[in-house]
Amino acid sequence: MTTTETTAQIPSPRRDTGPEEAVDTAIDEACRTLHLPTIRSRVQDMAGEAMRQRSSYKDFLADLLEAECAEREERRKLRLVREANFPRPKRLEDFDFEENPNVTPELVGTLSDPAWVRAGQPLCLIGDSGTGKSHLLIGIGTAMAEAGLKVRYTTTVNLVNELAEAADEKKLSRTIARYGRVDLLCLDLCRDRDYAEWAGSA
(Lines give C-alpha, C1' and ligand atoms only; values in the text may rest on other atoms or scores of the structure.)
Protein backbone atom coordinates (compact mmCIF):
# COMPACT_ATOMS: atom_id res chain seq x y z
CA MET A 1 0.00 0.00 0.00
CA THR A 2 1.41 3.39 -0.98
CA THR A 3 0.56 6.90 0.09
CA THR A 4 0.42 9.93 -2.17
CA GLU A 5 2.75 12.75 -1.16
CA THR A 6 1.14 16.19 -1.02
CA THR A 7 2.76 18.98 -3.01
CA ALA A 8 1.73 21.66 -0.51
CA GLN A 9 4.56 23.02 1.59
CA ILE A 10 3.58 22.64 5.25
CA PRO A 11 5.41 24.96 7.67
CA SER A 12 7.46 23.14 10.26
CA PRO A 13 6.11 23.06 13.83
CA ARG A 14 7.29 25.79 16.17
CA ARG A 15 7.47 26.20 19.92
CA ASP A 16 5.38 28.98 21.45
CA THR A 17 8.26 29.74 23.77
CA GLY A 18 10.77 30.12 20.94
CA PRO A 19 12.52 33.36 19.99
CA GLU A 20 10.57 36.09 18.22
CA GLU A 21 12.54 35.54 15.01
CA ALA A 22 11.30 31.95 14.86
CA VAL A 23 7.73 33.13 15.27
CA ASP A 24 8.16 35.69 12.48
CA THR A 25 9.65 33.03 10.22
CA ALA A 26 6.76 30.66 10.92
CA ILE A 27 4.21 33.37 10.12
CA ASP A 28 6.04 34.30 6.93
CA GLU A 29 6.23 30.68 5.76
CA ALA A 30 2.56 30.04 6.57
CA CYS A 31 1.47 33.17 4.68
CA ARG A 32 3.48 32.09 1.66
CA THR A 33 1.97 28.60 1.77
CA LEU A 34 -1.60 29.88 2.19
CA HIS A 35 -1.11 32.70 -0.37
CA LEU A 36 -1.85 35.53 2.06
CA PRO A 37 0.40 38.35 0.78
CA THR A 38 -1.41 41.17 2.59
CA ILE A 39 -1.19 39.50 5.99
CA ARG A 40 2.46 38.67 5.30
CA SER A 41 3.31 42.30 4.51
CA ARG A 42 1.19 43.95 7.21
CA VAL A 43 1.25 41.55 10.16
CA GLN A 44 4.10 43.33 11.97
CA ASP A 45 2.50 46.79 11.79
CA MET A 46 -0.95 45.45 12.65
CA ALA A 47 0.43 43.41 15.55
CA GLY A 48 2.06 46.54 16.97
CA GLU A 49 -1.19 48.47 16.60
CA ALA A 50 -3.14 45.63 18.25
CA MET A 51 -0.77 45.71 21.23
CA ARG A 52 -1.18 49.47 21.58
CA GLN A 53 -4.96 49.13 21.39
CA ARG A 54 -4.90 46.07 23.68
CA SER A 55 -7.03 44.21 21.17
CA SER A 56 -8.11 40.66 21.86
CA TYR A 57 -6.69 37.77 19.86
CA LYS A 58 -9.99 37.47 18.00
CA ASP A 59 -10.07 41.16 17.14
CA PHE A 60 -6.49 40.99 15.87
CA LEU A 61 -7.28 37.93 13.76
CA ALA A 62 -10.43 39.57 12.38
CA ASP A 63 -8.46 42.70 11.42
CA LEU A 64 -5.86 40.60 9.61
CA LEU A 65 -8.47 38.64 7.67
CA GLU A 66 -10.46 41.77 6.79
CA ALA A 67 -7.30 43.41 5.44
CA GLU A 68 -6.52 40.35 3.33
CA CYS A 69 -10.07 40.17 1.96
CA ALA A 70 -10.14 43.90 1.16
CA GLU A 71 -6.81 43.77 -0.66
CA ARG A 72 -7.85 40.63 -2.55
CA GLU A 73 -11.07 42.32 -3.67
CA GLU A 74 -9.10 45.37 -4.82
CA ARG A 75 -6.77 43.16 -6.86
CA ARG A 76 -9.80 41.43 -8.37
CA LYS A 77 -11.27 44.79 -9.45
CA LEU A 78 -7.98 45.83 -11.03
CA ARG A 79 -7.77 42.52 -12.88
CA LEU A 80 -11.32 42.83 -14.25
CA VAL A 81 -10.66 46.40 -15.41
CA ARG A 82 -7.40 45.32 -17.07
CA GLU A 83 -9.06 42.36 -18.79
CA ALA A 84 -11.78 44.68 -20.18
CA ASN A 85 -9.11 46.06 -22.53
CA PHE A 86 -10.10 49.73 -22.34
CA PRO A 87 -7.95 51.94 -24.60
CA ARG A 88 -7.46 54.56 -21.87
CA PRO A 89 -8.64 55.15 -18.29
CA LYS A 90 -11.90 57.05 -17.96
CA ARG A 91 -14.15 57.32 -14.91
CA LEU A 92 -17.74 58.52 -14.56
CA GLU A 93 -16.83 60.95 -11.78
CA ASP A 94 -14.49 62.76 -14.19
CA PHE A 95 -17.19 63.37 -16.79
CA ASP A 96 -17.75 67.08 -17.53
CA PHE A 97 -21.49 67.60 -17.16
CA GLU A 98 -21.20 71.35 -17.78
CA GLU A 99 -19.82 70.69 -21.27
CA ASN A 100 -22.57 68.11 -21.90
CA PRO A 101 -25.79 69.57 -20.41
CA ASN A 102 -27.96 66.94 -22.10
CA VAL A 103 -26.40 64.30 -19.84
CA THR A 104 -27.54 64.52 -16.22
CA PRO A 105 -25.65 63.23 -13.16
CA GLU A 106 -28.84 61.50 -12.01
CA LEU A 107 -29.03 59.44 -15.20
CA VAL A 108 -25.35 58.54 -15.08
CA GLY A 109 -25.79 57.58 -11.44
CA THR A 110 -28.38 54.96 -12.38
CA LEU A 111 -26.01 53.55 -15.02
CA SER A 112 -23.28 53.03 -12.43
CA ASP A 113 -25.55 50.47 -10.75
CA PRO A 114 -24.92 46.99 -12.26
CA ALA A 115 -28.59 45.99 -11.86
CA TRP A 116 -29.43 46.90 -15.46
CA VAL A 117 -26.56 44.77 -16.76
CA ARG A 118 -27.56 41.79 -14.65
CA ALA A 119 -31.11 42.21 -15.97
CA GLY A 120 -29.78 41.92 -19.53
CA GLN A 121 -30.87 45.42 -20.57
CA PRO A 122 -29.00 47.11 -23.46
CA LEU A 123 -27.70 50.66 -23.52
CA CYS A 124 -27.14 52.85 -26.57
CA LEU A 125 -25.29 56.18 -26.33
CA ILE A 126 -26.27 58.56 -29.13
CA GLY A 127 -24.78 61.99 -29.82
CA ASP A 128 -22.59 64.11 -32.05
CA SER A 129 -18.83 63.79 -32.13
CA GLY A 130 -17.15 65.26 -29.07
CA THR A 131 -20.14 64.91 -26.73
CA GLY A 132 -18.42 62.41 -24.44
CA LYS A 133 -19.89 59.12 -25.64
CA SER A 134 -16.59 57.23 -25.44
CA HIS A 135 -15.87 58.71 -22.01
CA LEU A 136 -19.24 57.54 -20.75
CA LEU A 137 -18.84 54.13 -22.38
CA ILE A 138 -15.45 53.50 -20.80
CA GLY A 139 -16.55 55.01 -17.49
CA ILE A 140 -19.66 52.82 -17.32
CA GLY A 141 -17.64 49.76 -18.30
CA THR A 142 -15.05 50.53 -15.63
CA ALA A 143 -17.77 50.89 -13.00
CA MET A 144 -19.27 47.57 -14.01
CA ALA A 145 -15.88 45.83 -13.89
CA GLU A 146 -15.22 47.26 -10.44
CA ALA A 147 -18.64 45.93 -9.39
CA GLY A 148 -17.37 42.44 -10.21
CA LEU A 149 -18.78 41.96 -13.72
CA LYS A 150 -16.82 40.65 -16.69
CA VAL A 151 -16.55 43.47 -19.23
CA ARG A 152 -15.03 43.64 -22.70
CA TYR A 153 -14.36 46.79 -24.74
CA THR A 154 -13.84 46.83 -28.48
CA THR A 155 -14.70 48.95 -31.51
CA THR A 156 -17.12 48.04 -34.27
CA VAL A 157 -14.24 47.83 -36.76
CA ASN A 158 -12.21 45.50 -34.55
CA LEU A 159 -15.23 43.33 -33.84
CA VAL A 160 -16.15 42.97 -37.52
CA ASN A 161 -12.54 42.17 -38.43
CA GLU A 162 -12.25 39.64 -35.62
CA LEU A 163 -15.47 37.88 -36.60
CA ALA A 164 -14.48 37.85 -40.27
CA GLU A 165 -11.07 36.36 -39.49
CA ALA A 166 -12.66 33.81 -37.18
CA ALA A 167 -15.09 32.78 -39.93
CA ASP A 168 -12.21 32.35 -42.39
CA GLU A 169 -10.36 30.19 -39.87
CA LYS A 170 -13.47 28.14 -39.00
CA LYS A 171 -13.43 29.53 -35.44
CA LEU A 172 -16.51 31.74 -35.55
CA SER A 173 -18.56 29.79 -33.01
CA ARG A 174 -15.64 29.75 -30.59
CA THR A 175 -15.18 33.52 -30.91
CA ILE A 176 -18.89 34.19 -30.41
CA ALA A 177 -18.91 31.90 -27.38
CA ARG A 178 -16.00 33.86 -25.87
CA TYR A 179 -17.91 37.12 -26.22
CA GLY A 180 -20.98 35.40 -24.82
CA ARG A 181 -19.18 34.80 -21.54
CA VAL A 182 -18.84 38.50 -20.73
CA ASP A 183 -21.51 40.30 -18.75
CA LEU A 184 -21.18 43.59 -20.65
CA LEU A 185 -19.82 44.21 -24.15
CA CYS A 186 -18.84 47.86 -24.63
CA LEU A 187 -18.98 48.42 -28.37
CA ASP A 188 -17.58 51.77 -29.47
CA LEU A 189 -18.75 52.97 -32.88
CA CYS A 190 -15.92 53.88 -35.23
CA ARG A 191 -15.31 57.42 -36.39
CA ASP A 192 -15.81 58.33 -40.05
CA ARG A 193 -12.05 58.16 -40.68
CA ASP A 194 -11.83 54.70 -39.08
CA TYR A 195 -14.74 53.50 -41.16
CA ALA A 196 -13.17 54.81 -44.37
CA GLU A 197 -9.90 53.02 -43.56
CA TRP A 198 -11.77 49.80 -42.78
CA ALA A 199 -13.94 50.03 -45.90
CA GLY A 200 -10.86 50.66 -48.03
CA SER A 201 -9.14 47.52 -46.72
CA ALA A 202 -12.24 45.32 -46.84
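These numbers come from the heavy atoms of this one structure, side chains and all, not from hydrogens, waters or symmetry mates. Residues take their numbers from the sequence shown, with the count starting at 1.
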Atom pairs and distances, donor-acceptor, side-chain atoms in residues 64-75, under 3.5 Å, two or more places apart:
| residue | atom | partner | partner atom | Å |
| --- | --- | --- | --- | --- |
| Glu68 | OE1 | Thr38 | N | 3.0 |
| Glu68 | OE1 | Ile39 | N | 2.9 |
| Arg72 | NH2 | His35 | O | 2.9 |

Same cluster or not: [X] versus [Y], using hydrophobic residues (I, L, V, M, F, W, Y) connected whenever any side-chain heavy atoms lie under 4.5 Å apart?
X: Leu36; Y: Leu61; result: yes
X: Leu111; Y: Val103; result: yes
X: Leu78; Y: Val81; result: no

Are [X] and [Y] packed together at the side-chain level, in the sense that at least one heavy-atom pair is separated by less than 4.5 angstrom?
X: Thr155; Y: Leu189; value: no
X: Trp116; Y: Ile140; value: yes
X: Thr156; Y: Leu159; value: no

Mind checking the [atom1]-[atom2] spacing from [X] to [Y]? Nearest 0.5 Å is all I need.
X: Lys150; Y: Glu83; atom1: NZ; atom2: CD; result: 7.0 Å
X: Ile176; Y: Ser173; atom1: CD1; atom2: OG; result: 7.0 Å
X: Arg174; Y: Leu172; atom1: CZ; atom2: CG; result: 11.0 Å
X: Leu137; Y: Cys124; atom1: CG; atom2: SG; result: 10.5 Å
X: Cys186; Y: Ile138; atom1: SG; atom2: CD1; result: 8.5 Å

Would you check if there is a donor-acceptor pair between the side chains of Ser134 and Asp188 at a distance under 3.5 Å? yes

Thr25 versus Asp28, side-chain donor and acceptor atoms under 3.5 Å: no

Mind checking side chain to side chain contact (heavy atoms under 4.5 Å, CB included) for Glu49 and listing every partner two or more places apart, or none if nothing turns up? Arg52, Gln53

Using the side chain to side chain contact (heavy atoms under 4.5 Å, CB included) definition, which of the options Leu184, Val117, Leu80 pairs with Leu149? Val117

Taking every non-hydrogen atom, the tightest pair across [X] and [Y]:
X: Arg118; Y: Ala147; value: NH2-O, 3.9 Å
X: Leu92; Y: Ala143; value: CD1-CB, 4.3 Å
X: Lys133; Y: Asp128; value: NZ-O, 3.0 Å
X: Phe97; Y: Val108; value: CE2-CG2, 3.7 Å

Asp113: which residues meet the salt bridge (charged side-chain N to carboxylate O under 4.0 Å, His left out) condition with it, sequence neighbours left out? none

Between Tyr153 and Leu187, is the side-chain contact (heavy atoms from CB on, under 4.5 Å) condition met? List the steps. CA-CA 6 Å; Tyr153 171 95; Leu187 187 59; over 6 Å; no

Do Asp96 side-chain atoms and Glu98 backbone N/O form a donor-acceptor pair below 3.5 Å? yes

Name all residues meeting the side chain to side chain donor-acceptor pair (under 3.5 Å) criterion together with Arg152; count only those two or more places apart in sequence or in a different chain, and write none if there are none. none

Other cluster members, Ile126 - Ile/Leu/Val/Met/Phe/Trp/Tyr, side-chain contacts below 4.5 Å: none

Residues Glu146, Arg91; criterion salt bridge (charged side-chain N to carboxylate O under 4.0 Å, His left out); working and verdict: CA-CA 11 Å; Glu146 291 179 343; Arg91 305 190 64 85; 2.9 Å; yes

Which pairs count as ring-ring contact (aromatic ring centres under 6.0 Å, His included) when at least one residue sits in residues 126-145, sequence neighbours excluded? Phe95-His135

Is any NZ, NE, NH1 or NH2 atom of the basic residue among Glu162 and Lys171 found under 4.0 Å from an Asp or Glu carboxylate oxygen of the other? no

